Amino acid sequence: MLLSVDWMREFVPYDGTVEALADRLTMIGNEVEEIIDPFAQLTDVVIGRVVSCGKHPEADKLSVCTVDVGDETLNIVCGAPNVAAGQTVPVAKIGARLPGGVTLKPAKLRGVRSEGMILSEREMELTDDHAGIMVLDGALTPGERFVDALKLERCVLDVGVTPNRADCLSTLGLARDAAVAFGLPLTSPTACVQESGPDCRDMVRIEIPEPEYCPLYMLRVLQNVSIAKSPEWMRMRLLAVGVRPINNIVDVTNYILMEMGQPLHSFDKNLLEGGVIRVQRAQDGQEFTTLDGQRRKLVDSDLLIWDGAKAVALAGVMGGENTEINADSTDVLLECAVFRPASIRKTARRLALPSEASYRYERGVDQVGSRVALDRAVQLMAELSGGLVCKGVAENEPRPWAQPVIPFRRARCNDLLGLDLDADFCKKTFTLMGCEVDDADADRWSVRAPSHRLDLEREVDLIEEAGRVYGLDRIPADLPSISKSLEAVHHKGEFFFANKLKDWARGVGLNEAVNYSFVAPADLDRLGLPQEERIAIANPLSEDQAVLRTNVLAGLLGSLRRNRAQGAVRLGLFETAHAYFSDPDSETKAREALRLGLLLHGPRHARGWPWPTEDADYLDIKGLVEHLLDYLKLDVAEFRLLEAHSFMSPAVSVVLGDDAIGCIGRIKPDIADFFLAQREVWAADLDGEALRRMFSASAITFEPLPTLPPVRRDVTLGCPSGVLSFEVAAALEKFGPAILESVDLVDVYAPQGESGERNLTFRLTYRHQTKTLKDKEVDKEQGKLLDTLTKALPVRFFPPES
Amino acid sequence: MADLATLLGELERLVQECATQLGQASSSEELEAVRVEHLGRKGRMAGAMSALPSLGPEDKPVAGRKANEVKARLTAMLEARQTELDRAAEAEKLASFDPTLPGRTPPVGSLHPVTLVTREICDVFAGLGFDVVDGPEVENDWYNFEALNMPPDHPARDMQDTLYVTDSIVLRTHTSPLQVRSMLAQKPPVAVVAPGKVYRRDSDLTHTPMFHQIEGLLVDRKVSMADLRGTLTAFVRRIFGPETNVRFRPSFFPFTEPSAEVDISCVMCGGTGHIHGETCRVCKQTGWVEILGCGMVDPNVYGFVDYDPELYTGFAFGLGVERVAMLKYGIGDLRMFFENDVRFLSQFS
Ligand SMILES: [Zn+2]
């Protein structure tokens with residue numbers, strides 16, 4: 001809401017600075033976002049008088065003028081068709097900064113020197129009018145600055161009005177708040193209508209079949225108007241608050257809207273038929289052309305204004321093209337109504353047609369004050385257009401406004417605010433804002449709110465008012481003592497576990513990424529992820545954000561691509577975030593699963609020498625997962641090669657007990673290429689929920705340290721292709737004697753050219769809990785073990801060289 | 001018969017000659033050769049002492065004492081020279097040692113600034129007695145709007161451009177649904193903070209369609225706006241330093257009343273509005289920076305969760321994590337948070 005300070009001063013005698021006003025408005029809840037000079041672009045424009053005006057010797061369409069600009073007379077070549085001697089005009093002199101930021105330079109036009117420029121309204125960025133130069137009131141003094149001569153408003157406040165304060169969407173409303181804030185008297189606008197001629201009530205009847213849609217509808221009639229441009233003061237005042245002037249009828253409706261917050265609509269009365277106005281909903285599928293020329297398809301919740309034959313306006317949103325005021329209009333039917341906010345809002349939003357009127361109707365207008373607004377408007381219209389106001393107001397008010405009576409307990413107020421406001425302050429505050437206070441019961445007042453404060457309905461609304469005017473910033477700071485009930489379940493949520501995962505990942509040298517939860521459907525298609533489970537956004541900002549990701553790697557691969565485009569050669573990224581799946585059984589029709597994604601690309605080590613320079617490979621990604629499981633005190637996982645995977649190859653399932661807790665592998669090269677990888681990309685997609693479940697079931701249990709020495713034996717086994725190291729280790733553990741404490745792979749040797757056979761060297765550690773082992777015992781047990789092993793698996797045992 | 005004097009003289013000479021040879025020996029090998037020559041089994045010491053048996057009985061002890069003394073001296077000389085040589089060798093080694101070569105540094109990981117700030121903030125509130133809770137990001141209209149006093153077709157819904165899944169399911173536009181979920185899950189007292197992702201249909205220089213918020217809620221008997229102010233003052237001083245001031249401006253949120261926006265004194269210019277005579281760009285010269293919204297829980301909200309509004313009062317607040325991170329770390333461009341450029345990420349180790 002743009003607030004003209006001069007305009008506001010018509011209602012409240014504020015004589016402080018604009019900055020102090022802005023500050024105070026902000027501190028009572030009407031945040032001033034900016035102080036604007038609406039005519040800043042005209043600072044250098046001065047008043048000139050055309051002394052003489054003759055034809056240009058070389059060009060038909062140009063005139064050569066001498067223009068008195070006070071201290072000098074300028075020779076100006078002008079191309080406007082309407083320029084004439086004796087006119088008072090706006091002039092930009094040489095050196096003036098023109099709207100748009102250009103500085104005017106001397107010029108020669110077809111051989112004639114021009115020392116300035118006479119301006120059109122478009123050149124002054126006032127309106128679109130470029131038919132000719134702007135001609136001003138002859139009483140203005142040449143040489144004076146344009147902005148001073150026209151007494152233009154230099155300070156307009158851009159006020160952020162909160163949705164509850166519909167009353168502040170007007171100059172009067174903000175003046176009321178300023179009056180309360182500064183303790184100044186308020187002069188409410190009044191109207192004194194000169195009526196003549198026939199009675200309006202005999203001309204038109206108002207029908208409201210569904211009163212809940214329209215509690216009040218009023219009409220006045222104005223005859224014999226001459227449609228013309230409004231006077232300069234009106235045009236400039238509208239321009240100052242961002243409204244484009246149109247003509248002396250429409251400008252008045254806009255003026256009253258900005259002044260009192262009451263939307264009005266003027267019909268060309270002679271285009272209306274049947275002597276009736278009906279407020280009724282549209283038929284489903286009905287079409288209607290609004291005055292912007294758009295043909296709009298309506299639904300049966302849209303409210304229309306009808307005459308005896310047709311729809312003539314989209315109630316509270318926009319008038320119809322068929323009854324719009326035009327240059328030939330002579331009689332005006334002026335509408336002033338109150339509509340149901342939710343209905344107006346629904347229509348304006350569905351048609352994407354927000355207007356100053358609908359914006360105010362949505363938030364609620366002052367049903368009592370609307371009568372004054374109608375009278376002020378019709379009076380101003382008569383003044384500006386020379387029309388005659390017909391007698392009376394045609395009206396139908398099926399639902400008169402009911403004044404709420406609100407209880408107020410000062411003790412409650414002070415308890416809630418943490419203040420100690422006295423009765424005088426509270427009463428004075430409420431009275432200043434237009435309430436009637438009955439304090440007969442000192443503990444429980446009855447407060448009647450004024451009709452413009454639709455937001456005052458409950459006690460807490462009054463408490464807020466008291467606090468707002470006193471100053472929320474004056475509330476002291478206390479620390480609460482937070483009590484808790486023993487029964488309160490102390491449930492450690494996802495936040496804690498996600499943080500544990502993040503700490504681990506940072507510790508192993510990965511960088512945390514945070515990607516948008518939504519991706520393009522194509523991003524998921526590229527990874528071959530199923531379509532059925534996806535959750536689509538109904539109104540995405542773009543196709544790139546149209547669906548929630550079902551795999552956290554979709555985002556991380558996007559990060560890879562962006563980093564590669566920036567020239568990154570090595571990445572180690574992780575992300576803990578949700579993947580989203582549609583789930584009809586869920587309360588939100590969605591299942592959100594915590595996932596941990598890891599991604600490795602490029603060199604294994606972040607630094608160069610002395611680290612070796614190889615790229616990360618399978619053992620790196622697997623090592624990370626093993627490290628994580630170890631960190632979480634979980635069991636050793638099994639890694640099972642998957643036969644097929646939609647975007648990884650090799651793809652390896654990580655299995656812990658009976659649960660697959662994720663998948664690791666290499667992104668298929670053709671997919672990786674899309675992400676500009678050029679080298680191998682290794683990734684892990686782990687089930688954070690499963691890890692969390694298992695982690696919360698695991699516990700640290702101290703085991704006493706062994707006191708007796710171990711015996712260690714290395715054995716080398718020749719394993720044919722297809723025998724997995726994990727199988728051999730598991731078999732050794734399975735068949736091993738009770739004294740076998742651990743089995744560790746210490747070397748892998750794959751001799752060249754021997755058809756894939758590998759030699760795996762395991763270190764077997766034996767220990768007895770209560771006695772020192774003798775070599776002989778160990779030899780005997782190991783002999784038995786190897787015997788069993790070679791029978792169970794196709795492996796060869798190499799005896800140690802002696 | 002051997003002569004005692006001759007033997008003693010020979011032993012003395014042995015010491016002198018050994019000293020000369022040691023001076024010339026420049027390696028452990030040469031040193032060993034000197035040792036063998038003098039002290040070896042067939043060395044000169046042994047040679048000299050071969051005359052011992054032929055000395056007279058009264059001379060034998062004298063010669064023996066002298067021989068032991070000489071042997072000790074020779075051994076000491078050899079050891080001293082060895083030490084000298086060792087020192088020289090060590091010095092030579094050190095001369096070629098380069099202490100500036102890069103170390104075998106383990107990789108340094110990083111946490112996203114959103115994570116760092118979220119944790120720091122949650123830690124502050126946990127210290128004040130709040131529990132950290134979480135909830136779904138895909139949310140029902142009822143939790144996101146209706147139970148927060150925003151009925152359908154209410155203008156307050158304009159404050160947040162919403163991404164919809166269906167007519168009744170949205171991507172949560174704020175973390176405030178956690179207020180409702182927390183109050184439904186337990187009876188007062190309720191003291192929770194809820195961090196998480198939120199979504200708006202908005203994207204420009206200063207808005208991203210996804211960002212992070214932290215919601216706070218305290219409901220108990222006799223909770224006042226002074227408690228709210230104290231809690232938030234404690235919070236901003238912990239995060240931005242003890243000099244930070246807090247300002248409450250009346251505002252509007254559908255689910256709190258009274259509502260306030262909270263400004264803190266600008267951390268860039270110290271609240272003066274100017275830095276070295278230049279206008280401060282962070283606070284646009286006002287000296288204040290808006291940081292969060294808050295208020296006393298609206299009685300209508302209690303209606304939705306079946307709390308008695310006469311019995312209980314409470315406060316709620318919500319703040320943007322990226323906003324705090326930008327102020328705290330001096331990050332100028334919001335969009336950097338989600339580009340995941342590793343040059344950005346690795347700065348937050
Ligand atoms: Zn600043």
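So you know, we letter chains A, B, ... as the sequences are listed, proteins then strands, and number each from 1. This structure is a prediction, so every number in the text was calculated from the model and none was measured.
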Let me know if [X] has heavy atoms under 4.5 Å from chain A in its side chain, its backbone, both or neither.
| X | result |
| --- | --- |
| B:L232 | neither |
| B:N300 | both |
| B:S251 | both |
| B:Y143 | side chain |
| B:Q347 | neither |
| B:T286 | neither |
| B:P309 | backbone |
| B:I169 | side chain |
| B:E137 | both |
| B:V246 | backbone |
| B:D220 | side chain |
| B:Y199 | side chain |
| B:T162 | backbone |

Contact summary for [X] and [Y], nearest pair of heavy atoms:
| X | Y | result |
| --- | --- | --- |
| A:I482 | B:F130 | CD1-CE1, 3.5 Å |
| A:M27 | B:F248 | CE-O, 3.5 Å |
| B:G103 | A:P610 | O-CD, 3.8 Å |
| B:H112 | A:A513 | CD2-C, 4.3 Å |
| B:T231 | A:P480 | OG1-CD, 3.2 Å |
| B:S110 | A:F574 | O-CE2, 3.8 Å |

Heavy-atom distance under 4.5 Å to chain B: side chain of A:F495, backbone, both or neither?
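Its backbone and side chain both get close to chain B.
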Which answer fits A:H605, side chain, backbone, both or neither, if we ask what part of it has an atom under 4.5 Å from a heavy atom of chain B?
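No part of A:H605 comes within 4.5 Å of chain B.
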Evaluate B:R181 against A:E587 for salt bridge (charged side-chain N to carboxylate O under 4.0 Å, His left out), listing each step before the verdict.
CA-CA 13 Å; B:R181 288 184 175 276; A:E587 177 191 25; 3.4 Å; yes
[atom2] on [Y] to [atom1] on [X], rounded to 0.5 Å:
| X | Y | atom1 | atom2 | answer |
| --- | --- | --- | --- | --- |
| B:S203 | A:L541 | OG | CG | 6.0 Å |
| B:T313 | A:L417 | OG1 | CG | 11.0 Å |
| A:I475 | B:R229 | CD1 | CZ | 7.5 Å |
| B:L163 | A:S517 | CG | OG | 10.5 Å |
| B:E257 | A:L416 | CD | CG | 9.5 Å |
| B:T118 | A:N499 | OG1 | CG | 8.5 Å |

When you compare the side chains of B:N340 and A:N563, does any donor N or O come within less than 3.5 Å of an acceptor on the partner?
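A:N563 and B:N340 do not have a side-chain donor-acceptor pair below 3.5 Å.
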Can you tell me if B:S224 and A:D478 form a side-chain donor-acceptor pair at under 3.5 Å?
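Checked: B:S224/A:D478 side chains show no N/O donor-acceptor pair below 3.5 Å.
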Does A:D415 pair with B:K222 as a salt bridge, N-O distance under 4.0 Å?
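Answer for the salt bridge query: yes.
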Charged N to carboxylate O under 4.0 angstrom, B:E310 versus A:R409?
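Here B:E310 pairs with A:R409 in a salt bridge, since their nearest N and O are under 4.0 Å apart.
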A:E512 vs B:T115, side-chain hydrogen bond (donor to acceptor under 3.5 Å, both in side chains): CA-CA, chis, key distance, verdict:
CA-CA 9 Å; A:E512 187 188 8; B:T115 296; 2.7 Å; yes
